[in-house]
Amino acid sequence: MANKPSFLKKLLEFQFFKNRFKFSRKKKAVSPEDAPAELPQHRPLKLSEHQRRSEPPTDPFELELPIDHPLQQLWRLRRDEAGWLPSPSLRLDAPGAAEPPFTAETAAGEHTGFKLAINNSAKARLNAAVPKVEDAPPISLNAQVTVYTARSGLSAWVLAYPPVGEGAELTSQDISSALAGAKVTYGIDEALVKNLPEKEDRYFHLFLAAQGQAPNPGKNGEVEDLYPRVNKQSLPVDEYNRVDYTAVGKTQNIEKDAVICNILPPTNGVPGRNVLGKELPTTNGVPAAPPMGRNTKMNEDGSQLLAGRDGSLEFNGGTFQVNPVMDISGNVDYSTGSVNFLGDVHIQGDVCSGFTVRAMGSVKVDGVVESATIEAGGDLILAKGVQGNNQAVLRAHKDIYAKYLENCSVYARQDLYSEAIIGCNVYSNASVYAKNGRGAIIGGKIWAARLVEANAIGSKMEVRTTITIGGLPCEDFERALLLEEMAQLEKDLQETERQPNNPARTARISKLRMQLSVDKLKLRQYDKNLEAYQAQSQHQRPGQLIFDVAYAGTRIKMEEDLMRIRTETRHSTAMAIEGKIRLMT
């Protein structure tokens, strides 16, 4: 018995479904309206510079002439007569010369003049060698020599044209006569004059026939330093990454009459002579200015700069200077009083509270600095450190080196190096480094112009520590103090002017006005320095803060932006990018 058809089969047999679902392998015709748009043409690929076919470099010593140039036409006429002839060679390098007549730059500058002269002589020679009419008698011309002189007059070149018809070949007399006609009398290559007529390539080639002597200017006097002008000090670090600040010393000790530098005399120049026999003037060397500064002297013949006394040698303001050295074997206390010295100061003990040390040169303290004031015109080196009690003030016009800094104010015109900076207000016009030893900056405010680099910033106790990068910290702080002083002076002046008229009032008003005038001059100078810095800072790389770990409570200021570190952050660099502080790990 046959199986009954299924319901699905019966359903598909209806005519409706047959017309509705037709399965065919024929492709459906597409109307023009439904046709897809043409694909866009592919643009040719752009090749990079190293993928492009490079043109062969032009030879600066080669004079290239077109194929229809009169000289080329003369060469073809000679080649047809002789059956073979070397190709023309117009080069300005003269490989056999004692000295190259041209450099690549000067040779390129001679092309125009040489081509113009060759064009004129070759055109005249061609007009003379080719008959004007068909039935003209045969033309006979002797070999011809043309002389070309370089623009500098230091070289003369010859170019020989071959004879035409029954003309005579080239002779040494022809070359000598041509040189004499061009008034070339100096530096003539006699060997070339003699041997050129025997050369196979004597025609249609440039030969260096005479070479002059260039003037040799004198050498300027020089200063030969025997001591370095910049004494770069590397920090001595032990195996525990701790700096021995007692070994830091940037002073150069020198004894009286020791030679600081040699003054080499100038030399006289040697005049030159061109190929026409004319003398070329020269210049003599200029004597060197000796860098003679304070406490230095010249020897009798002026060939050496000597130290005028024992002391410390430094190079400052374009001169060598010998600063006297004050050596204090003990502490700066009531036994010595405050120190004010026009040289370097070395204190082997401590600087006690309430005392001041001022020096035009460098200051080195082997002991501890308490609540004292130290101002150095050079470097400031503190072998042990500072316990400032929020009263110590340190100023240096160069670098500051300190084992540690605690509760003090620090002003460094250049870099600051320390193993620990705790609760300090630091202003540096360059960079602050706390990388050796503990390398910690905890609390206080650090303001550096370019860079702050430390192992740790802040503490786990979330002590507020502010790091500011940019500007001129020392000048900005001093400018703020100056504005406060000017405001107080104006207030005092107004109060004094309201007092009754008397001699004391008049003297006080005069003194206050004088001080205001001085402060205004200082303010203008600060503003001028700030404008110069802003113009220069546009071309410098932005400031950075580099740290291994920064704890919560750390505040970072750059430009107009402020970032607060709220969680412990490790191994990062902070930079201001488009006005925003970014941390890069």
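Side chains included, hydrogens not; waters and symmetry mates left out as well; all remaining heavy atoms used.
- Residues in residues 83-95 take part in these salt bridge (charged side-chain N to carboxylate O under 4.0 Å, His left out) pairs, two or more places apart or across chains: Asp59-Arg91, Glu62-Arg91, Arg91-Asp93.
- Ile67 CD1 to Leu65 CG: the interatomic distance, rounded to the nearest 0.5 Å, is 11.5 Å.
- Using a 4.0 Å cut-off between a side-chain N of Lys or Arg and a carboxylate O of Asp or Glu, Lys557 and Asp561 do not qualify as a salt bridge.
- In this structure, a donor-acceptor pair under 3.5 Å is absent between the side chains of Asn142 and Glu169.
- Without hydrogens or angle criteria, Ser155 side chain to Leu208 main chain gives no donor-acceptor distance under 3.5 Å.
- Distance check, rounded to the nearest 0.5 Å: OG of Ser428 to CG of Leu416 gives 6.5 Å.
- Electrostatic pairing of Glu475 and Arg413 counts as a salt bridge here, judged by a charged N lying under 4.0 Å from a carboxylate O.
- A side-chain donor-acceptor contact under 3.5 Å links Asp174 and Thr171.
- Here salt bridge (charged side-chain N to carboxylate O under 4.0 Å, His left out) pairs that include residues 294-314, with residues two or more places apart or in two chains, are Asp257-Lys297, Glu314-Lys398.
- Checked for salt-bridge contact, Asp548 and Lys435 meet the test: a charged N lies under 4.0 Å from a carboxylate O.
- Put simply, CZ on Arg125 and CD1 on Ile118 are 15.0 Å apart, with the number rounded to the nearest 0.5 Å.
- A distance of 11.5 Å separates OG of Ser362 from NE2 of His397, quoted to the nearest 0.5 Å.
- In this structure, Lys219 pairs ionically with Glu222, as a charged nitrogen and a carboxylate oxygen lie closer than 4.0 Å.
- Phe114 CZ to Leu90 CG: the interatomic distance, rounded to the nearest 0.5 Å, is 10.0 Å.
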